[in-house]
Amino acid sequence: MSSNYPPYEGQQPDPNVTPWSGPPAPQQGGYPSYEQPPAPQYGAPAPQYGAPMPPPQYGVPVPPPKKSNKGLIIGLVAGAVVLILAVCGAGIGLLVAYGGDDEPSTVASASPTPGTDGGSSPDPAATPTPGQSAPPNDNNSMTARFSSDLSNVCEGSQILNAAPYNGPSGAKAYTFSNNPDRPTFWSSKFVGSTKPYYAKSSEYESVSVVGCLKFEEGSQGTPKKCQYKDSSEKQVTVDYVSSRYTLTFYAAKTAEKIGDGGTVTAPAARCPSVISYDKSTMRAYAAPDSGTIEAALDKFLS
């Protein structure tokens with residue numbers, strides 16, 4: 001241990017110590033570095049040398065700041081609100097579109113409400129009198145692509161590519177009947193291929209006469225109970241109903257009425273081997289008698 005006091009008289013100075021300087025410089029090598037002590041104060045005890053300073057701490061990781069999920073949560077909440085509003089809006093639209101099933105709609109009324117057309121009265125000439133057929137509607141004219149298209153004549157449509165009616169001699173004819181459960185659905189009623197007025201389904205453009213068999217409301221007879229097995233082999237009872245039809249002849253090209261075929265019965269004397277019935281009512285209607293239809297065609301086109 002040494003001090004920084006000046007040497008006494010006769011004492012040899014230490015060549016490694018400079019007066020009023022610090023301790024000798026440390027040797028080069030792997031020794032730890034030492035902090036330079038402050039200048040000595042007179043009258044104070046000599047500082048101690050050789051005490052190592054604590055080494056600095058390196059490589060201590062600093063924890064990163066935590067990411068906030070506040071923005072993500074706000075975005076998810078906003079998306080959920082938009083989705084709920086969209087679903088609610090769709091539900092309201094469905095209620096508006098379909099919620100009025102219990103009441104008849106007045107938007108698509110068939111005839112104008114009195115007083116809503118500016119006070120004008122209907123043209124009496126445009127309304128057919130009882131017992132008189134309505135004039136054909138030119139707006140409903142069409143070009144047939146299949147033989148079944150000629151059934152539209154029974155609804156007043158003109159068939160533009162049908163043959164013109166020039167009289168009963170040599171005329172070709174189709175017949176159709178409607179369904180009591182579906183009055184505007186018309187199905188074909190075929191006649192014998194040996195008849196002079198017979199036309200194949202591919203020869204529809206040669207047809208000039210269409211016979212329409214319209215169901216007479218209130219003509220139903222007492223149902224006949226017929227037993228069948230459905231597709232699941234379950235025993236079912238079907239009410240087989242007889243009725244009557246009115247046969248009317250029209251020109252296929254103009255949809256104009258050209259003759260009456262009288263009444264055609266649809267007998268239900270016996271249950272058919274195969275039947276098509278309405279599952280909701282368990283009812284089936286008998287078809288018009290084909291023999292009576294041919295007899296009416298023979299008479300009209302003879």
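Bear in mind that the values here come from a model prediction, so they are computed numbers and not experimental data. Atom set for the values below is all heavy atoms of this structure, side chains included, hydrogens, waters and symmetry mates excluded.
- Between atom OG of residue S147 and atom CD of residue E203 there is a gap of 11.0 Å, rounded to the nearest 0.5 Å.
- Counting only heavy atoms from C-beta outward, the side chains of S187 and N179 never approach each other to under 4.5 Å.
- To the nearest 0.5 Å, atoms CZ (F176) and OG (S148) are separated by 7.0 Å.
- Judged by distance alone, with hydrogens and angles left aside, the side-chain atoms of K224 form no donor-acceptor pair with the main-chain N or O of V238 at under 3.5 Å.
- M142 and V210 fall within the same hydrophobic cluster, where Ile, Leu, Val, Met, Phe, Trp and Tyr residues are linked whenever their side-chain heavy atoms come under 4.5 Å apart, directly or through other members.
- The structure places CD of Q158 at 9.5 Å from NZ of K253, a figure rounded to the nearest 0.5 Å.
- Looking at every heavy atom in both residues, A199 comes nearest to S206 through CB-OG, 4.3 Å.
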Are T248 and K214 close enough, and set up right, to give a side chain to side chain contact (heavy atoms under 4.5 Å, CB included), and what steps lead you there?
CA-CA 8 Å; T248 305; K214 186 177 180 180; over 6 Å; no

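- Linking Ile, Leu, Val, Met, Phe, Trp and Tyr whenever their side-chain heavy atoms come within less than 4.5 Å puts Y240 and Y228 in one cluster.
- Summarising the geometry of V241 relative to G221, their closest heavy-atom pair is CG1-O, 3.8 Å, with the distance given to 0.1 Å.
- Residues P164 and S208 come closest through the heavy atom pair O-CB, 3.6 Å.
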Please determine whether side chain to side chain contact (heavy atoms under 4.5 Å, CB included) holds for the pair W186 and N152, giving the CA-CA distance in whole Å, both sets of side-chain angles, and the decisive distance to 0.1 Å.
CA-CA 8 Å; W186 299 82; N152 290 284; over 6 Å; no

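- Nearest heavy atoms, Y285 versus Q220: CE2-CG, 3.7 Å.
- In the hydrophobic cluster analysis, where Ile, Leu, Val, Met, Phe, Trp and Tyr join through side-chain heavy atoms closer than 4.5 angstrom, L150 is grouped apart from F190.
- A donor-acceptor pair is defined here as one N or O able to donate and one able to accept, closer than 3.5 Å; no such pair exists between the side chain of T292 and the backbone of V264.
- No path of Ile, Leu, Val, Met, Phe, Trp and Tyr side chains, each step under 4.5 Å between heavy atoms, connects V209 with I159, placing them in separate hydrophobic clusters.
- Of the possible donor and acceptor atoms, one in the side chain of N161 sits under 3.5 Å from a partner among the backbone N and O of A144.
- Atoms CZ and CG, on R244 and D289 in that order, are 14.5 Å from each other to the nearest 0.5 Å.
- Taken from OH in Y197 to CG in D298, the straight-line distance is 3.5 Å, to the nearest 0.5 Å.
- Here the side chains of Y245 and P180 are in contact, with some heavy-atom distance below 4.5 Å.
- Residues S242 and T265 have side chains not in contact (no heavy-atom distance under 4.5 Å, counting atoms from C-beta outward).
- Between F300 and F249, the ring-plane angle classifies as parallel under the 30° and 60° cut-offs.
- No donor-acceptor pair closer than 3.5 Å links the side chain of D149 to the backbone N or O of T143.
- Between the CG atom in D181 and the OH atom in Y277 there is a gap of 14.0 Å [rounded to 0.5 Å].
- A salt bridge between D239 and K225 is present, with a side-chain N of the basic residue lying under 4.0 Å from a carboxylate O of the acidic one.
- Among all heavy-atom pairs drawn from K172 and P196, the shortest one is NZ-O, 2.9 Å.
- In the hydrophobic cluster analysis, where Ile, Leu, Val, Met, Phe, Trp and Tyr join through side-chain heavy atoms closer than 4.5 angstrom, Y198 is grouped apart from Y174.
- Minimum heavy-atom separation, A286 to P267: CB-O, 3.1 Å.
- Side-chain contact between Y165 and T254: absent, with no pair of heavy atoms (C-beta onward) separated by less than 4.5 Å.
- Counting heavy atoms from C-beta on, the side chains of P168 and S302 never come closer than 4.5 Å.
- Taking the side chain as every heavy atom from C-beta outward, D230 and K279 never approach each other to under 4.5 Å.
- Environment of NZ in K195: crowded, with over 12 heavy atoms of neighbouring residues, nucleotides or ligands closer than 6.0 Å.
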